[in-house]
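Note on naming: letters A, B, ... go to the chains in the order of the sequence lines (proteins, then strands), and numbering restarts at 1 for each one.
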Amino acid sequence: MKKENNENLQELLAKFLDAREASKAVEDIFAGEHVFNSNPAPEPAPALLKDIKQRMAVAAAGRNGLWTRHFVWQLATAAAAIVVVVWAGMAFLQKSGETGQFNQAQAREAFWQEASDDNIDSKIAQLDQKESGTPIITFETNAGSETMAVSDVTDELDEIGNSFWEG
Amino acid sequence: MTDNQSLSKIIIACKRGSHDGFSQIVELYASRLYGYFYRLTGNVDVSNDLLSELFVRLVEKIGAYGGGSFDLWLFKIATNIFYDHLRYEQRRKKLIQSHKQRLEEGLGGGKESDGEAIDMLQIQLDQLDEQTRELLILRYYSDLSFKEIAQMRKEPMGTVLSKVHRGLAKLRELMEQKYEERK
């Protein structure tokens with residue numbers, strides 16, 4: 001069975017051909033299509049159509065199940081991703097706090113482990129310097145380690161330099 | 001024939017996975033689509049397979065149908081299925097050999113072979129070049145407008161009109177020659 005495709009062949013062909021040629025072309029086209037009408041193709045067997053409908057029912061059932069599974073899987077994946085991100089974030093924050101505290105405690109312990117009777121004064125001076133922000137130098141002498149403010153050291157060096165040339 | 005409104009309702013039912021909807025689509029289109037495949041391949045068994053494949057694919061793809069000419073959409077799928085079938089080199093060679101054999105048998109008077117019912121139209125269609133043959137078969141069985149066919153084949157409408165006109169004129173001439181010979 002053919003449906004009307006609402007097409008005006010004469011009008012269509014007139015865009016490309018003159019009126020006489022367009023009419024002839026329309027006749028030719030209808031005559032050619034009549035050849036198909038007069039020699040119909042075989043019809044599909046009823047058993048084939050029944051089989052096709054059954055296959056379609058199976059495919060439709062599978063498609064509906066697949067869509068549901070697909071949706072549930074996507075939802076589960078999204079939820080898992082959110083949980084992982086939140087957990088990772090929390091773990092990271094927690095560890096940063098602990099590490100900071102741990103490093104400070106470790107540094108303090110190491111600092112005082114190095115302290116002895118010989119260098120206790122310089123250790124105290126270092127601590128003072130850290131608190132005051134005054135730059136200091138710690139250097140070894142025959143008498144042991146000595147800590148001095150940088151400004152004091154430069155003053156001493158100037159003095160040495162001035163007195164050196166006095167001979 | 002089903003009007004556009006009824007067809008829209010059937011399509012909506014199909015999108016919901018309705019078995020009745022799909023059955024109605026089969027009833028509406030099986031004859032034209034089968035004719036399309038049969039005229040392209042000239043083989044009943046291949047046409048049966050292609051028709052089955054088409055309707056199963058329709059179930060899978062119906063969700064993607066977004067409106068417009070349903071016939072155009074359906075025949076695009078049919079054409080793609082036919083070309084997929086052709087791509088198998090072995091089958092293509094068999095098809096060409098089968099056409100040649102039919103042609104030789106047809107020129108000698110025509111007879112059935114390998115379960116195929118050989119008709120005069122099929123023999124004469126085989127004498128046309130592949131492009132023209134496919135175009136004429138598409139035009140007749142899809143009943144698409146020239147505008148739709150041009151859109152589907154990505155060709156200018158004037159080109160499609162010209163090819164169909166020339167192709168049908170040639171086909172008619174071949175058929176008339178055959179009838180004359182048989183008299």
Heavy-atom pair with the smallest gap, counting every atom of [X] and [Y]:
X	Y	value
A/A60	B/G17	CB-O, 4.2 Å
B/G35	A/A41	CA-CB, 3.8 Å
B/S31	A/P44	CA-CD, 4.1 Å

Is there a path of hydrophobic side-chain contacts, each under 4.5 Å between heavy atoms of I, L, V, M, F, W or Y residues, that connects [X] with [Y]?
X	Y	answer
B/I12	B/Y29	no
B/Y36	B/Y83	yes
A/V58	B/F55	no
B/V56	B/Y34	no
A/M90	A/I82	yes

Checklist line | Gap separating the CG atom of A/L49 from the OG atom of B/S23, nearest 0.5 angstrom | finding: 10.0 Å
Checklist line | Point-to-point distance, once rounded to the nearest 0.5 Å, from CG of B/L54 to CE of A/M56 | finding: 8.5 Å
Check: Taking NZ, NE, NH1 and NH2 as the nitrogens, is one of them in A/K53 or B/E27 under 4.0 Å from a carboxylate oxygen of the other?
Finding: yes
Margin query: Under a 4.0 Å threshold between the charged nitrogen and the carboxylate oxygen, would B/K147 count as salt-bridged to A/E7?
Written below: no
Check: Relative to chain B, which of A/V35, A/L13, A/V26, A/I52 shows the most heavy atom pairs under 4.5 Å?
Finding: A/I52
Item checked: For chain B, the option from A/A31, A/G32, A/P42 that forms the most heavy-atom pairs under 4.5 Å -> A/P42
What part of [X] gets closer than 4.5 Å to chain A, counting heavy atoms only: side chain, backbone, both or neither?
X	value
B/V59	both
B/I25	neither
B/L51	both
B/L58	side chain

Notebook entry, point to check: According to the interplanar angle, ranging from 0 to 90°, do the rings of B/Y140 and A/F36 count as parallel (below 30°), tilted (30 to 60°) or perpendicular (above 60°)?
Noted result: parallel
Show every donor-acceptor pair shorter than 3.5 Å between a side-chain atom in residues 156-167 of chain B and any protein atom, with sequence neighbours excluded, or say none if there are none.
unit_1, atom_1, unit_2, atom_2, d
B/S162, OG, B/R166, NE, 3.4
B/S162, OG, B/R166, NH2, 3.2
B/K163, NZ, B/Q131, OE1, 3.0
B/K163, NZ, B/E155, OE2, 3.2
B/H165, NE2, A/D28, OD2, 2.8

Check: Where does A/L17 contact chain B at under 4.5 Å (heavy atoms): side chain, backbone, both or neither?
Finding: neither
Checklist line | Side chain / backbone / both / neither for A/I29 at chain B, heavy atoms under 4.5 Å | finding: both
Notebook entry, point to check: Would one find more than 12 heavy atoms of other residues, nucleotides or ligands at under 6.0 Å from atom CZ of B/R172?
Noted result: yes
Check: Do A/N39 and B/M175 come close enough that some side-chain heavy atom pair is under 4.5 Å?
Finding: yes
